[in-house]
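I have placed the structure first, in the form of C-alpha cells, so that the comments after it can refer back to it.
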Amino acid sequence: MTDIPASAEPSAPETSTTIVVGATSKPGSRRAIEWAVARAASTGARLELLSVVGGAVGAVGEQEVVQRAVDYEEAFLRNEAAALSSRGIDVTVRVTHGNPTKELVEASADAALLVIGSDHTGGADKHRGPHGTRIVAGAHCPVVVVPDIDTTGRTGVVVGVDGSEVSTAALAFAAAEASRFAEPLTVVSTWMPVVYTGDIAPYPDMYLTDLQGTTEAFAQSMADEVRKDHPHLEIVVHVDEGDPATVIAEVAASARLAVVGTHGRTGFARFLLGSVSTQVLDHLTTVTAAVR
C-alpha cells in the first residue's frame, strides 16, 4: 500500500471533510475525478484519490505483475495530484491492491463522501458495465456515482421521496446540495393504482384523482419541511403515476444531480439495495448520490 501526500499543507480531519474518490488511469474514472475535484474546490474539502489494483489470485509470478500495476497507478495519480495541488486542492494519493469493493467500502468509514465512476453512457446503452451497487450498499457514507455522461450546462437537484426514513435523509442531502449551489430542488413522488387482472371495469375517476391528490399533498408537506431550513430555496413538486425509479430517471435526465435513499445493510444483505435505488443506479441519467 502506498500513501503519498501531494501537498505539504496540513489536511483537515478525514471524518468530517474528506472526499474519497475511486480513481484509476482508466477513461471511465475521469468524470468521477473531475466531479470530485469540482466539489472539493467549491467546498474546501480534502481529496483522497484511492486506486485499488484487483484480480490477485495467488498465481506464480503474480506479485511482480501486481507491483507493476501498483507502480503504474501510483505514477498516474502522482501526476494528477501534482496538477491539483498547483490549483490549491488539498489532495493525497493512496494505491493498494485487493478487492476493490471491500477496499472502497472500508475507505468510506472515514469519509464525508465517496465518489466512484461508472462506464454507463445513458441512452440506449442502459446496461453497460458495473454501476457500483455493491459499493453503495456497503458504504458508510453517501456515495456519488458518476456515469460517463456529459452533464455540462445542467442545473438542479432531483430527489425521490416516499415517506421512509431513508428518503427523508435523501431529501435533506438534496436540499443542502441545491441550496449550496443556489439551484432548484425537484421533489419527486409517484403513485400507482391497485393492479388487477381479468375483465373488470376501468378505475373510477375519483379513485385516480384521489391517489394523485393524496400523493401531491404528501410531497408538498415534505417540501414545506425543507423550506423551514432553506427558506430561499426554489422547490418544485413533481407527482406522477408510474414506477418510481423510471419517473426519477426521466426527471433527472436534465438535472445536475439525482439523489435516492438506500438502506444500510450488514452481512450478505449489505450487497442488496432497495428496488428503487437499484433501478436508478442501473439506469443512470445523471450523476447520482445514494444516501442512507
Side-chain angles (χ1 to χ4, degrees), residues 122 126 133 136-137 142-145 154-181 183-198 200-265 272-292:
K126 290 189 174 183
T133 51
V136 171
V143 180
V144 175
V145 183
R154 294 190 186 184
T155 186
V157 179
V158 172
V159 59
V161 298
D162 61 7
S164 65
E165 184 176 343
V166 293
S167 80
T168 300
L171 178 59
F173 181 95
E177 181 74 11
S179 181
R180 179 180 295 112
F181 294 97
E183 295 180 351
L185 172 67
T186 300
V187 178
V188 176
S189 192
T190 66
W191 57 271
M192 295 184 70
V194 172
V195 178
Y196 60 77
T197 59
I200 303 177
Y203 297 110
D205 288 342
M206 61 181 350
Y207 170 60
L208 300 179
T209 300
D210 188 61
L211 282 175
Q212 177 74 18
T214 300
T215 308
E216 286 177 352
F218 155 72
Q220 191 61 58
S221 69
M222 298 285 284
D224 291 342
E225 286 298 313
V226 167
R227 288 190 178 96
K228 295 178 182 178
D229 294 324
H230 304 278
H232 303 296
L233 181 62
E234 178 187 349
I235 304 177
V236 177
V237 172
H238 182 99
V239 174
D240 202 355
E241 175 187 3
D243 170 68
T246 301
V247 175
I248 292 170
E250 289 175 350
V251 176
S254 60
R256 177 180 64 84
L257 179 71
V259 183
V260 293
T262 182
H263 294 278
R265 304 292 186 182
L272 304 176
L273 296 178
S275 59
V276 173
S277 55
T278 298
Q279 290 176 50
V280 170
L281 291 170
D282 280 347
H283 298 79
L284 294 168
T285 56
T286 192
V287 177
T288 300
V291 180
R292 67 168 49 111

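Being a predicted model, the structure only gives us computed values, none of them experimental. Numbering of residues begins at 1 and proceeds along the displayed sequence. We use all heavy atoms of the structure for the numbers below, so side chains are in, but hydrogens, waters and symmetry mates are not.
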*Yes or no on side-chain contact (heavy atoms from CB on, under 4.5 Å) for Asp243 and Gln279, after CA distance, side-chain angles and deciding distance?*
CA-CA 10 Å; Asp243 170 68; Gln279 290 176 50; 3.3 Å; yes
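- Across Val194 and Tyr207, no two heavy atoms sit closer than the pair N-OH, 3.0 Å.
- In this structure a side-chain-to-backbone donor-acceptor pair under 3.5 Å is missing from Arg256 to Ala178.
- The backbone N or O of Ala258 lies less than 3.5 Å from no partner atom in the side chain of Thr286, so there is not a single donor-acceptor pair.
- The two atoms that bring Thr190 and Thr215 nearest to each other are O-CG2, 3.9 Å, heavy atoms only.
- A side-chain donor from one of Glu216 and Gln212 sits under 3.5 Å from a side-chain acceptor of the other.
- Annotation for Ala290 and Thr262: closest pair CB-CG2, 4.1 Å, computed over non-hydrogen atoms.
- Rounding to the nearest 0.5 Å places CG of Leu233 at 11.5 Å from CD of Glu177.
- Closest approach of Phe218 to Gly163, counting heavy atoms only: CZ-N, 3.2 Å.
- Here the rule is side-chain contact (heavy atoms from CB on, under 4.5 Å) with Leu171, and of Val259, Val291, Leu185 only Leu185 fits it.
- Looking at Ser179, its side chain never comes within 3.5 Å of a backbone N or O of Ala175 through a donor-acceptor pair.
- The shortest side-chain heavy-atom distance between Met222 and Val237 does not fall under the 4.5 Å cut-off.
- Side-chain N or O atoms of Thr285 include one that pairs as donor or acceptor with a backbone N or O of Ala249 at under 3.5 Å.
- Atom OG1 in Thr155 sits 11.0 Å away from atom CG in Leu257 (nearest 0.5 Å).
- In plain terms, the two heavy atoms of Pro244 and Val276 that are nearest each other are CB-CG2, 4.0 Å.
- Taking 4.5 Å as the limit, every side-chain heavy atom of Thr278 sits out of range of all side-chain heavy atoms of Leu281.
- When every heavy atom of Gly242 is checked against every heavy atom of Met192, the shortest pair comes out as O-CG, 3.4 Å.
- To the nearest 0.5 Å, atoms NE2 (His238) and OG1 (Thr186) are separated by 8.5 Å.
- In this structure the side chain of Met206 never reaches within 4.5 angstrom of the side chain of Thr209, judged on heavy atoms.
- With hydrogens and angles disregarded, a donor-acceptor distance shorter than 3.5 Å links the side chain of Ser167 to the backbone of Asp162.
- Considering CD1 of Ile235 and CD of Gln220, their distance stands at 8.5 Å, rounded to 0.5 Å.
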Applying side-chain contact (heavy atoms from CB on, under 4.5 Å), run through Lys228 and Glu225 and close with a yes or a no. CA-CA 6 Å; Lys228 295 178 182 178; Glu225 286 298 313; 2.9 Å; yes
